[in-house]
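First comes the structure, then the notes that go with it.
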Amino acid sequence: MAYLELKNVSKAYGTGKDRVEVLKDINLTIEEGEFVAIVGFTGSGKTTLINLINGLEFPDEGEVLLQGKPITGPGPDRGVVFQNYSLLPWLTVAQNIKLAIDEVYPSASKNEKKEMIEKYVGMVHLSHAIDKLPSELSGGMRQRVSVARALAMNPKMLLMDEPLSALDALTRGTLQEEIVNIWGEDRKTCLLITNDVDEGIVMADRIIPLNPGPEATLGPNFKVDLARPRVIAEINKNDTYKHLRNEILEYLIAVGASRSSQKTTQYELPDLKPVMPGRIKWGLRKKKEKLEYF
Amino acid sequence: MKERILQLTGIQAFLAPWISVIKGEEVQKNVQALLKSYIYPLLSILLFIGIWHAGATYLFSKEATAKIEKARAERGDAGALEMQNCIISGDVSCQPNTLPSPAKVWDAYLSLLADHKIISAKKDAFDLKVAKTNEKRIAKGQDPITYTGRPSFVDQIKTSLKTVFAGFLLAAFIAIPIGIVIGLSTTLRTSFNWLIQILKPVSPVVWLLLVFMIVKTVMSDSDMDKSFMISFISVGLCSMWATLVNTSMGVSTVDKDFVNVAKVLKLSIGQNIFKVVLPSSLPMIFTGLRITLSVAWMVLIAIELLAQSPGLGSFVWEEFQNGASDSNAKIIVAMFVIGMIGFMLDRIMMVVQKMMSFNK
Ligand SMILES: Nc1ncnc2c1ncn2[C@@H]1O[C@H](COP(=O)(O)OP(=O)(O)OP(=O)(O)O)[C@@H](O)[C@H]1O
Ligand SMILES: [Mg+2]
């Protein structure tokens, strides 16, 4: 049985005229221990997809099954690395991670918790910054804390929403390696959202493009048959790599182009009526939107 | 820490140009900064005093002329001359009763200080005298004898500050917990909204009367200081609304990212409140507290005046009814003192408020 299974999942936001069909008929299966990457354009619904799996959102149609059972909400079996780190700015690195540990190991002693915190902070090489506040860290360091916090829940599955998108290429490379190493240690199931094809190829077993939205669907699977450990500088010259990379890029360019040619722009003309002097309308004015305190 | 406080209060920015000029850095730029932050404000103060002085002189001469004319009408030219001489001589009995000039206010200020010195000397002497008796009384379980003479101006300030802090703490202790509870639940918020909206604009006077009705009954057989209780409770009730509204708003509008984190980490309700909701709404709560303190100080004077409880408010009222020659000047002194204390309280709260805001 697949570890995670999405069956004909559709998701829309808003109601009435503002309704946007973000995802349409998404089918996805991920096996236990697999590392899957999803690449897609910005705004195509990647975060929405992650939220359906971590239990923050629920599908309008279809079902999301975790080990055969529908997801009813967030759980410690799925660790999440949010796109914008989402560290609590008033807590230090250690305290942010302790929050996760407190919930997963409520009965652990103070010392045990401290050891665990140190272990996870060490895992992302931030021991020197353990007592700093997020505002005192660089973007890359914050992202590492976010990874450490997700790992600290010791989840079976790691959901990462563009965890490295804010980083420069060099830092990105080392963090990619770190994440892959951590994954390699105890083979967590991983779902990585990214907008960088190379990142997907270096890290994942399988790459699936998310077609641009609205009504985004998943594209074909691209298996990554490259031996690990993969070092970007070396596999750069590898023919399989080059071939795969081209294939995915061509696919993305093709769907991007077809989507933009399908787009029909409708210009809505403003409804203009001349206001004549001397004709004052009496009656209630149109209600303005008010900011309400309660 | 010390530096941060200096920076937050604005003292650092205030002193910086001096320091730089003395050190000889960028003299021209800093001299300009000095002009801007010292000379111009100083000029505006002088201008203010000048206009005040001119106005007061005009009012004085108008009132004096009226007095002389009145005397002339009643007692003829001799009476008018007598009145004129009396006014010129500065005799207290016949001074025109009008807006006092800056110099008179300054004199009143000095006399209030001198008065305070005399009264505190008396008080010390009294304490010394009864020290032995008090020891015995305490040993026997009786209340010590305390000085019951007239309070000085400085004593009145202290009483007012005590009352405002008691009221402020009461407001905080009522408004913050209720605000949190209401903020957490949309149902509670909509159900109690009407009550908050109706009670918020109620005037301090009405609160005072309401509190008076209740306290009078509740404490009919206790020997606590009733007028203090009444005034600080009224101050608290008048001023707590800003904190209540701000707290509930801060609690109900936590950043969606933080809410998501709390959900994904499956935080318990307690953890959620103390680690996520409260810290994220602290800046708003403190903004509310700052408004509360300034409202508390403002209504305090009116409430003291009405409740006849000791403090700056009753000082002003007594001086007004007293009608002595320097009463008006003393009222103006009280006005400036009230204003400056209000300003200082606001500055203190501003520093606290800024320290509570976190960098994202
Ligand atoms: N809570 C929401 N309410 C309404 N619309 C939403 C909401 N969240 C997302 N959307 C819409 O859904 C679409 C997909 O958003 P989503 O955040 O999933 O995109 P994304 O692929 O993660 O983009 P990015 O790469 O920029 O992070 C967008 O058009 C967005 O406007
Ligand atoms: Mg996203």
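Note: hydrogens, waters and symmetry copies are ignored here, and every other heavy atom, side chains too, is used. Each chain gets a letter, A, B and so on, in the order its sequence line appears, and its residues count up from 1.
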> Using a cut-off of under 4.5 Å for heavy-atom pairs, which of A:Met153, A:Glu136, A:Gln83 has the most such pairs with chain B?
Replying inline: A:Met153
> Pick from B:Thr253, B:Val276, B:Val261: which one has the most heavy-atom pairs with chain A under 4.5 Å?
Replying inline: B:Val261
> How many angstroms lie between atom NZ of B:Lys256 and atom CG of A:Leu56, to the nearest 0.5 angstrom?
Replying inline: 8.0 Å
>> Is any side-chain heavy atom of A:Phe82 closer than 4.5 Å to one of B:Asp257?
In response: no
> When you look at CD1 of B:Ile269, are more than 12 heavy atoms from neighbouring residues, nucleotides or ligands closer to it than 6.0 Å?
Replying inline: no
> Backbone N or O of B:Lys275 within a donor-acceptor pair of the A:Trp90 side chain at under 3.5 Å?
Replying inline: yes
> For B:Lys263 and A:Pro74, which heavy atoms make the closest approach, and how far apart are they?
Replying inline: O-CB, 3.4 Å
> Just wondering, more than 12 heavy atoms not from A:Phe41 lying within 6.0 Å of its CZ?
Replying inline: yes
> So which part of A:Leu87 gets closer than 4.5 Å to some heavy atom of chain B, the side chain, the backbone, both or neither?
Replying inline: backbone
> Going by residue number, which parts of residues 92-105 of chain A are within reach of chain B, meaning a heavy-atom gap below 4.5 Å?
Replying inline: A:Leu99, A:Ala100, A:Asp102, A:Glu103
> Any side-chain heavy atom of B:Leu265 within less than 4.5 Å of one from A:Arg149?
Replying inline: yes
> Taking everything shown except A:Tyr13 itself, do over 12 heavy atoms lie less than 6.0 Å from its OH?
Replying inline: yes
